[in-house]
Amino acid sequence: MTAQTTDHSSLPPPGPLAVELRGINKAFSGVRVLEGVDFSLRAGEVHALMGGNGAGKSTLMKILQGVYQPDAGEVIVGGQAVTLGSPSVAEAHGVAMIFQEFSLIPTLTAAQNIFLNREPRGALGTIDDREAVRRARAIFSDMGVQIDPTRTVAELSTGEWQLTEIAKALSKDARVLIMDEPTAALSATEVSTLFRLVSGLKARGIAIVYITHRMDEVFEVGDRVTVMRDGRAVLSGETRSLRIEDVIEHIVGRRMEGALEYVRRDVNRAGAPLLDVQNLQAEGLSSVTLQVHPGEVVGLAGLMGSGRTELAEALFGVRRVTGGQITLDDQPVVNRSPEAAIRHGFALVPEDRRVQGLVLDHTVYENLLLPQLGRFQGGGVMRDGPGREYARELIGQLRIKTDGPDKQTRLLSGGNQQKIVLAKWLGNDPRVLILDEPTAGVDIGSKAEIIGLIRTLADAGKGVLLISSEFQELLAVSDRVLLMQGGRITGELLREQIAQEEDLHHALQGGAVHDHTA
Amino acid sequence: VDPQAALKQLATKVYSKGPSGEAPAPASSVTLTAAELAKVKAMNATAAIVLHYGGNDWSNAQVDGLKAQFAKLGIKVIAVTDANFKPEKQVSDIETVLARKPSIIVSIPTDPVATAAAYRKAAKAGVKLVFMDNVPSGLKAGTDYVSVVSADNYGNGVASAHLLAQQLGSKGNIGVIFHAADFFVTKQRYDAFKATIAKYPNIKIVAEQGIGGPDFAGDAEKVASAMLTRNPNLNAIWAVWDVPAEGVMSAARTAGRKDLIIATMDLGKNVALEMAKQGGMVRGLGAQRPYDAGVTEANLAAYGLLGKKAPPYVALNALPVTRTTLATAWKQVYNQTLPADIQSVLK
Amino acid sequence: MTTLPNAAAPRRSILANWRSYVVYVGFALVFLFFSIFLRDAGFLSSNNLLNIVRQTATISVMAVAMTFVIASGEIDLSIGSVAGLSSVVAALAIPHVGPVGGAVAGLLAGAAIGVINGSLVTGLGIPSFLVTLGMLGIANGVAQWITATAPVPILNDAFNNFFGSGDLGPVPSLFLWTLIALGVGHFLLRRTSFGRSVLAVGGNATAARYSGINVARTKLMVLVASGTVAGLAGMLYAGRLNSGRFQWGQGDELSVIAAVILGGTPLFGGAGTVFGAVLGALMIGLINNGLILMGLEYSQQLIIRGVIIILAVALARRK
Amino acid sequence: MTTLPNAAAPRRSILANWRSYVVYVGFALVFLFFSIFLRDAGFLSSNNLLNIVRQTATISVMAVAMTFVIASGEIDLSIGSVAGLSSVVAALAIPHVGPVGGAVAGLLAGAAIGVINGSLVTGLGIPSFLVTLGMLGIANGVAQWITATAPVPILNDAFNNFFGSGDLGPVPSLFLWTLIALGVGHFLLRRTSFGRSVLAVGGNATAARYSGINVARTKLMVLVASGTVAGLAGMLYAGRLNSGRFQWGQGDELSVIAAVILGGTPLFGGAGTVFGAVLGALMIGLINNGLILMGLEYSQQLIIRGVIIILAVALARRK
Ligand SMILES: Nc1ncnc2c1ncn2[C@@H]1O[C@H](COP(=O)(O)OP(=O)(O)OP(=O)(O)O)[C@@H](O)[C@H]1O
Ligand SMILES: Nc1ncnc2c1ncn2[C@@H]1O[C@H](COP(=O)(O)OP(=O)(O)OP(=O)(O)O)[C@@H](O)[C@H]1O
Ligand SMILES: [Mg+2]
Ligand SMILES: [Mg+2]
C-alpha cells in the first residue's frame, strides 16, 4: 500500500464516514482483481475513483452495491459492518449505483426504467405509469435534458440512456451514490448539468463516488481522489493538494508529458480530397458537405443529438442515404451496407460498443477477427494460427487487459472492451476511418496511445473523421474541426484558429470564434 | 384349430355387434328404389363428411365411395373435415360445419364420449347422422342417428390371426404391436387377434408392445427392432394396421430378417406391394371394405332423408387377403383395378 | 437463457410498430376476406362467430399465460400435456369429491407441475425448453397410465356447464373464460408490479436483478401460473368434451406459442401483449373455421392456412 | 428477431460450462445405466447399437442443420414437413427420371422451401417462427395433395440402399450419412468464415452488420441449408421405408430442436455445437431404445423418458 498521506490541516472538518471498505480482496476464477483495497467515503463529499482500464474500480464498487461478494475484507456502511448479499440489500442501506455497463431494460420506456421495482401506485395499488411519466419528466427537466420518458430505452441514443441511468439513480434518494463513468457518452452541456446536480446532492449531504477517466472532471467536482492500479489503491488524497501530473503518473505508472497536446502536422489541402461528401441527405441529416484530405484528421464537434452519429452511419452504409454524393479518390461510391463500405475502404468505430461494436458473449479473439474473416481464411477455411497470432499482437499493441484472447469479451472491463472495438479495424487497412467516440471509457494512458495511433494512421495518408464529445481529445488530434448542429455542418475551424476549449464551446453555442492567431 | 376352415367361415360371418348389441344387417340389404332415388334427387340435399383422420387409404376409399354415391343421389358434399385424431378438433369441426346447415353428416367419432354433445346438437338441428364404425355414447339409432356402418374390425382381427397361423404352420414365436390408446377400432382388432391366436397352443406371443404415434411407422420400427434384438428367434410380428406394419418391414430389412412373417390389417399400398413380392414379408392381412362402406353410408343417409326405416347396424364382413387374392381384394376394397406398379411386381 | 445486445436502431422501431398492429391488421384482413367470400355460408352468423370463440377458448386461455412465460424469457412446452393430465385428474376425482373438489384437484395438478417446472428452471438452472419438454412426456405418460388411456366420462352437468358446455344467457361460458383470462392477464401484465417484473426479467435479467427484482421468484411464479392455467384449460376441455382424457390438449403447445408470437410478443422476451395473444388465437381459429366453411379438402386447408398466416403478417407489415 | 441487451454475466458462464459437457456426461450416464440394466437384453449387441444410430439418423442429420439455424438466432419449424414433401417428390419423380434425378428433385424441393423461408425472413422481416410455422402447413398440405395422402412406393433398390436401407460392408448407410453430416457441419461451424458469421449474427446481429457481415445473406443461407438438409432427411426416410409419404418426418421439429438444445446450443443464438447436437439426437434415440428393450408400457416409457432427460441434464450440471 503506497497511499500517500496528505496534509489535512487546511481542510474543513470532514463529515462522518458514510462508507468504509477495508482490506477488500476479490478474485475471478483464480485471477486476482482486488488486493487489500481500503476505501472510505464521507457524507457530502465527491470522491473520485480513478485508475487504468481493468484496475478494479467497477469491481470494487460492485462489491459496495452487493453485486459481488468480497473474498476478504469488510464493508462498513453508516458505522455498521454489513453483508451486502444482493443489490436490493445494498439499496436498503441507501446505496445506489449508476452502472458502467448497460443496466436498463431495453424493452421498457425510460419512465418505466427509472421507477423499476419502485413504481408509483394508483388508488387500487396498481402501478401508475402516467404518474411515473410525470415524475420522470420532472426529473429530466430538473436535469435540463429533453428526453421523452415514454420512449423505450432501445430507441434512445447512447447519451440518452446514460442520462436515463442517471435519472434513475437520482430518483432513488440514496445516501450513497456511485457513478461509474456517468459522462462517458455525454457531451459538454450534459456534463455541466450533471455537475450542477452533483453539487446539489453534495449540499444535501449525500456521499458520491465518481469514477471517470476525464482528468478535468476530477479537478472540477472531486473533493478527494483515490487512484487504483492493478487491484490496489495506490494514491489517496484531497484534490486540492494534488497535481494533475501526479495523478496521471499514479494511474499510468510513469510520467506522461504533453500526451494530450496538439502536434502540428502539415496537411496538403490543395490537392484533391480523399473523401468528398456533397449534399448528403439522410434521416437526421440535411445536406451535409465536407471534405477530408489524405493525411488529415477532421474533428466533428457538436452537442448531443446534433447528428454526428447519423453522419457516420450514413457514410458507412448503416443509415439509408436519400440524396447527395460520396466520392472517394475521385471515384463516386455508394455504400448500401457496411459490407460495401468496408469494401470501398471505410472503417467505422461505432458509438455504442455493447450494441454495435461487440458480440459480448464471444471471445476477444473472435471479436477482433470479425471484420476480417476473409483475411484469415484460405479457400473458406479459417486459419486460426495466424489469426490468434494477430489477435495477440493487437492485445499487446493496445495493452488490452485480458487473461488471454479466449476470454469472454463481456468479462473485460469497460475500457478494455472499447479498445477491442478500435483494434478490430486496425488490420483492415482502411482509407477512411470514422471514429465515433473512440475513447469513451478508455484510460488516460491508452487514450494518449490511441491519439498517437490516429496520428500515425493519418501520417500514412489515411483520412480520419473523428467524433468526440471530449474537447480536449478532439483538439489534441484534429487538424480541422467541423461544427455540427441539427443535422447540418454549421461551421468550420482550422486547428490554428482554436486556442482553447472555451473557443469550441463558444462556437457551438453559436458565437463567433475569437481568432487568437491573428 | 384349422386356419383354412376358419378363414372360409369369415366370408359369411360377421363377428362385431352393434353399439347396443344389435345383430348386423348385411350391406346388400340397403337399397333404394328408382322412385326413392328420384325423390332424394329432388331434395337438393347437402352433406358434410366429418372424419377422424383423413391421411390414409382407408379414409380416401371411404370418401370416394361416399362421393360417388352422393353424386348419384344428387347430394352435394359441402365439406370434408379431418380431425387428425383429436376429439376437440372434431367437436369444432362439427360446430363449424353446422354453420352451413347440411342435411346430412357422415362421420366417424374420434371419441365416443367427448364428441357426443356435439353430435347431439347436430341431431337436434335436424341433421341426418350416419356413422362409420363407431357411435357416440348415448345416441339412439332411429331417433338421434340413422344408422352405423361398420367394417367388421373384430372379424379382421380374427382374420389376421388365422392368416398368421396359416403362414406359421400353426406354430412359432410372435411379437405383437398394438395401438397404445383406448381407440375403439384398434382395440377391437387387438382383442380379436389375441383371443383368436390363443386358440393355437403352439404359437407363443413372446413380445408385446404398444405404440403411441404420431409417427406410427417410426415407432413401430423402433419397437420391432427391439423385439428382434431381444428375441432372435422371432418368427412373425403382428401390427395393428398397415402403417405400423411398414415400420416392421423396415426393421426386418435392417435386421436382415427378410424371412419374418408380418400380418396386419388394412390394404395400404405399401403393404400390398410387399405382399405382391415373391416371398414378401407381409403374408396376410384382414382388409376392410371402405369403398363399399362409403356407398352404403350414402344410401343410409338417403334413408334418413326419406324417413325410411333403416337397419340400426350394418356391417361389412372382413376380407382376408393373401398374395393369391390380392388383385380381387384390391378391387373390392377400392373399387379400382390393382395399380400397375403392384401388378408388375405380382407377376 | 441469456439474450444478447442487439438494438439495431432502425430494425427496433420497425419491430415496435410491427408488434403494435400486425395482429389487428392481419385479423381484420382475414375477417374481411371470409366475410365477403363466405357471406352465404353462415360465416357471419352469430352462432358461427361464437363457435370460433368456443373453439379457441382453451388456446386463448393458455396463450394468456404463455405471454407471461415468453415475456419473461422462458418457454413452457408442457402445457398441452398438463391440460390433458388435469382433465383426467378432475374426471377421476369428481365421483369422489364432487365437482368443486374435482376442479380444485385438476387445477392443483397443473399448479404442482408448474412448481416442479419452475423449481428445476430457477433452482438448477436447466433451460426451460428441456425441463418442460421432459415434463410434456411425464404429464402425458401419467395421464395415460392412471386411466389406461381410456376416456373418463364426467357425468356432472354442473361441472360440464360451468367449464365448457354451458351458456350464461346467450353467452357461452367458454367466451366468459376467455374474457376473464384476457382481463386478468392484461391487468397483471400492464398494471401490477408483478407484470412489470416479468417484462424486466425477460428484457434484461441482470439489470432487473440490479434493480432489486427477484429474478428466480419471478420466473418461478410465471411457470406456476402457466401450469395452473394449463390446468384450467384442462377443465375447459373436460367440460366441453364431458370427459377427461390424456389426449386433450396434446400438441397445443405449438398453437399456443404461435398465437402469442402472432399477437406480437417477441420470442426472446422483454415485451408482451396479452390482448394480442388472444387475438392471435382467435385469428388461427378464424382461419380454421373459414377454410372448413369454404368446403376445401384438408390438404388444401393446410396449404391455405399456411399461406394466410404468412400473408396476413406480410401484408400487415407493409402498411 | 431482434434480441436485446442483457448483460447476465454470471449465468452466461454457467451456461458456457453447462454447454461444454452436459450432453457428454448425460450421454455417458444414460448409456451406463442401460448397459447395466439391459445387459441380457441385447442392448450392447453391435446390431442394437447400430439400430440406434439408424433410428436417429434423420434426426441427427436435421439437428446438424438446425444447430446453424438456432446459432444464427432463428428457428425452422418446417423441417419435418419438408422431409415428408421431399420424400414424396422423390418417390413421384423416380419412375420418370431415375434414382439420381429423383434424389435431386427431392433435395431441390427442400432447397426451394428453404429459399422461400429465408427470403420471407430476411426480405420481409417476418419472424422465422411464423414463416416456418406457416410453411410447415404448406409443405404438409402440398405433400398430401399431390399424393392424395397415399404412400408412393419406391421400387428402385439403388435409391433405397444408397439412402436408407443399405450397408457399406458392416456399416449401415444411415450411419455414414450421420457421420457425413456431423463432419461437414462441424467443419463449417468451427473452421470456416461462414460458421463464424453465423455465430456472430446470432450473437449480436447489429455488431455483425457493423463488422461488414451480410446478416441477411447469412440467415438466408442458413435457412436454405436447413431446407436442403430436411430434403436429405426426406431421402433417408424414403430410402429406409421404401416409399415417399407425407407423414414421414411429421413432428420431427420438436425432437430436432430438443436434440440441439440438449447438445448444449442455447435457444437464443450466438453459440452452437454440431457435435453436441448429434450426441443429443443419439441420446434421445438411446433412451427410446433402452426403454423399449426394458419392455415398459408406452405410458411408462413416456414418463421415464421425461424423467431421464431432466435427470441427465440435472446430474450433469452438478458435476
Ligand atoms: N465477472 C468477471 N469474471 C472474470 N473477470 C472479471 C469479471 N469482472 C471483472 N473482471 C476482470 O477484473 C478486472 C477489473 O475489472 P473492472 O471492471 O473492475 O475494471 P475497471 O477499473 O472498472 O476498468 P474500466 O476503467 O475499463 O472500466 C478486469 O481485468 C476484468 O477483466
Ligand atoms: N427514435 C429513435 N429510434 C431508434 N434509434 C434512435 C432514435 N433516436 C436516435 N436513435 C439512434 O441513436 C443514435 C444517436 O442518436 P443521436 O444523434 O440522437 O445521439 P448522439 O449520438 O448523442 O448525438 P450525435 O449526433 O451528436 O452523435 C443513432 O444511432 C440513432 O439512430
Ligand atoms: Mg469500470
Ligand atoms: Mg453520437
Side-chain angles (χ1 to χ4, degrees), chain B residues 53-61 63-64 82 84 178-181 207-232 242-243 246-247 249-251 253-256 268-274 276-277 334 339-342 344-345, chain D residues 38 40-43 45 47-52 54-56 58-59 80 95 140 143-144 147-155 160-161 164-167 172 174 237 239-252 255 285 288-299 301-302:
Chain B
Y53 180 61
N56 58 21
D57 302 313
W58 181 90
S59 301
N60 286 333
V63 172
D64 283 351
D82 177 345
N84 217 349
F178 59 94
H179 185 194
E208 189 171 356
Q209 204 140 45
I211 53 174
D215 178 11
F216 287 106
D219 284 1
E221 175 175 20
K222 289 179 190 115
V223 168
S225 290
M227 284 179 175
L228 291 169
T229 300
R230 277 202 93 143
N231 310 283
D242 60 328
V243 173
E246 289 173 34
M249 279 153 53
S250 171
R253 272 197 298 268
T254 48
K269 194 168 177 188
N270 279 343
V271 286
L273 197 71
E274 181 68 20
K277 286 182 195 158
Y334 294 112
D341 43 1
I342 303 184
S344 65
V345 175
Chain D
L38 293 171
D40 309 322
F43 174 76
S45 72
N47 195 32
N48 188 53
L49 297 179
L50 283 180
N51 269 344
I52 296 174
R54 269 194 210 104
Q55 287 159 6
T56 51
T58 47
I59 301 292
N140 196 225
Q144 292 193 26
T147 60
T149 76
V152 185
I154 297 175
L155 302 171
N160 288 337
N161 287 332
S165 310
D167 300 277
L174 285 168
Y237 271 121
R240 185 161 159 73
L241 296 165
N242 295 2
S243 58
R245 193 170 209 176
F246 75 92
Q247 282 168 318
W248 300 166
Q250 242 178 65
D252 278 359
S255 314
N288 284 339
N289 177 275
L291 294 178
I292 292 173
L293 280 182
M294 285 177 114
L296 293 178
E297 269 183 43
Y298 183 68
S299 60
Q301 285 177 36
L302 283 174

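Lettering follows sequence order; numbering is per chain, from 1. From a predicted model like this one, the values you see are computed outputs, not experimental measurements.
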Evaluate R253(B) against N242(D) for side-chain contact (heavy atoms from CB on, under 4.5 Å), listing each step before the verdict. CA-CA 10 Å; R253(B) 272 197 298 268; N242(D) 295 2; 3.0 Å; yes

Apply side-chain contact (heavy atoms from CB on, under 4.5 Å) to residues E246(B) and R245(D) and explain how you reach the verdict. CA-CA 11 Å; E246(B) 289 173 34; R245(D) 193 170 209 176; 3.0 Å; yes

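Between chain B and the residues P151(D), G42(D), G295(D), the largest count of heavy-atom pairs under 4.5 Å involves P151(D). Ranked by heavy-atom pairs under 4.5 Å with chain D, the list L273(B), V345(B), D57(B), T254(B) is led by T254(B). The candidate from S165(D), S243(D), G251(D) with the greatest count of non-hydrogen atom pairs under 4.5 Å with chain B is S243(D). Among S59(B), G218(B), G212(B), A207(B), the residue making the largest number of heavy-atom pairs under 4.5 Å with chain D is G212(B). Ranked by heavy-atom pairs shorter than 4.5 Å toward chain B, the options L296(D), N289(D), D40(D) are led by L296(D).
Taking S344(B) as the reference, nothing meets the side-chain contact (heavy atoms from CB on, under 4.5 Å) condition, with sequence neighbours excluded. Residues forming a side-chain contact (heavy atoms from CB on, under 4.5 Å) with S299(D) (at least two apart in sequence, or on another chain): Q144(C), W145(C), E297(D).
Here the closest non-hydrogen pair linking I292(D) and A226(B) is CG2-CB, 3.3 Å. Counting all heavy atoms, side chain and backbone alike, Y298(D) lies closest to D219(B) at OH-OD2, 4.4 Å. S250(B) and R240(D) make their closest contact through OG-O, 3.3 Å (heavy atoms, listed as atom of the first residue, atom of the second, distance). A pairwise comparison of heavy atoms in L241(D) and G247(B) identifies CD2-CA, 4.4 Å as the closest pair.
Not a single donor-acceptor pair under 3.5 Å links the side chain of D341(B) to the backbone N or O of P153(D).
Heavy-atom distances place both the backbone and the side chain of N270(B) under 4.5 Å from chain D. Within the 4.5 angstrom heavy-atom criterion, only side-chain atoms of Q209(B), from C-beta onward, approach chain D. In this structure, chain D has heavy atoms under 4.5 Å from both the backbone and the side chain of R230(B). Residue contact with chain B, scored on non-hydrogen atoms closer than 4.5 Å, involves the side chain of L155(D) exclusively. Heavy atoms of D167(D) lying under 4.5 Å from chain B are absent altogether.
To the nearest 0.5 Å, atom CD of residue E221(B) and atom CG of residue N51(D) are 8.0 Å apart.
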